[in-house]
Amino acid sequence: MAAAGAWLIGVAALMALRPGYCLHLFEKMSANLARSNARLQFTEQGLRILVGVALILRAPASKLPLAFEIAGWLLVASSVIIMIAPIRWHGAYGTWWVKRLKPLMIRVLFPFPALLGSGLIYAAL
């Protein structure tokens, strides 16, 4: 869980310091998904499922067991749904967001993954 929390904090730092680059990465990933890149799709969703299962397994020992369990099951269920849906839908959804997000919006949103990652680390330890 600490690794997932640290990853979220790293994403938040990148959002705060390099929002244009974040948008570029998001655009590139969305374009790859739109071209039906199965490896990218299943890698992304597989990692989400791994974190979801880790949340479920860690729930009893965490400071917030119910929150961990619910979040874990939501991650697993949403990832399975995304894996079942056509890959191009996932890519189209990302492309839809890329067209609307601006670097300033990315920078303004950085506290959310930072707080989520910090809270995840705190609650897991």
(request) Please indicate whether Lys63 has more than 12 foreign heavy atoms, meaning atoms of other residues, nucleotides or ligands, lying under 6.0 Å from its NZ. (result) yes
(message) Quick check: closest heavy atoms across Glu69 and Ala59, and the distance to 0.1 Å?
(response) N-CB, 3.9 Å
(message) Would you say CZ of Arg39 has more than 12 non-hydrogen atoms from neighbouring residues, nucleotides or ligands within 6.0 angstrom?
(response) no
(request) Report the distance from atom CD of Gln45 to atom CD1 of Ile84, rounding to the nearest 0.5 Å. (result) 11.0 Å
(request) Would you please test Ile49 and Met83 for side-chain contact (heavy atoms from CB on, under 4.5 Å) and show each step? (result) CA-CA 11 Å; Ile49 288 172; Met83 290 170 92; 3.7 Å; yes
(request) Treat each ILVMFWY residue as a node, draw an edge where side-chain heavy atoms are under 4.5 Å apart, and state whether Leu116 and Trp7 are in one component. (result) yes
(request) Keeping the roles fixed (side chain from Gln41, backbone from Gly91), state whether a donor-acceptor pair exists under 3.5 Å. (result) no
(request) Over all heavy atoms of both residues, which pair between Leu33 and Ile87 is shortest? Give the atoms and the distance, please. (result) O-CG2, 3.3 Å
(request) State plainly whether one hydrophobic cluster holds both Ile82 and Met29, where clusters connect Ile, Leu, Val, Met, Phe, Trp and Tyr through side-chain heavy atoms under 4.5 angstrom apart. (result) no
(request) Using side-chain contact (heavy atoms from CB on, under 4.5 Å) as the criterion, point out the one residue from Leu75, Val76, Val80 that pairs with Arg48. (result) Leu75
(request) Please report the closest heavy-atom contact between Cys22 and Ile106, naming both atoms and the distance. (result) CB-CG2, 4.0 Å
(message) Testing the basics here: between Leu8 and Gly117, what is the closest heavy-atom pair and its distance to 0.1 Å?
(response) CB-CA, 3.8 Å
(message) Return the CG to CD1 distance between Leu14 and Ile9, rounded to the nearest 0.5 Å.
(response) 14.0 Å
(request) Just say parallel, tilted or perpendicular for the rings of Tyr93 and Trp96, cut-offs at 30° and 60°. (result) parallel
(message) How close do Leu120 and Ala4 get, counting heavy atoms only, and between which atoms?
(response) CD2-CB, 3.9 Å
(request) Group every Ile, Leu, Val, Met, Phe, Trp and Tyr by side-chain heavy-atom contacts under 4.5 Å, then state whether Met15 and Trp97 land in the same group. (result) yes
(message) Using every non-hydrogen atom in the two residues, find where Pro19 and Pro103 come nearest and quote the distance to one decimal.
(response) CB-O, 3.2 Å
(request) Answer yes if Tyr122 and Val11 sit in the same cluster of Ile, Leu, Val, Met, Phe, Trp and Tyr residues linked by side chain heavy atoms under 4.5 Å apart, and no otherwise. (result) no
(message) Just verifying a value: how many Å separate Leu104 CG and Leu23 CG, rounded to the nearest 0.5 Å?
(response) 11.5 Å
(message) Between Leu17 and Leu25, is there shared hydrophobic-cluster membership here, with clusters defined by ILVMFWY side-chain heavy atoms closer than 4.5 Å?
(response) no
(message) Once rounded to the nearest 0.5 Å, what's the spacing between atom CZ of Arg18 and atom CZ of Arg107?
(response) 10.5 Å
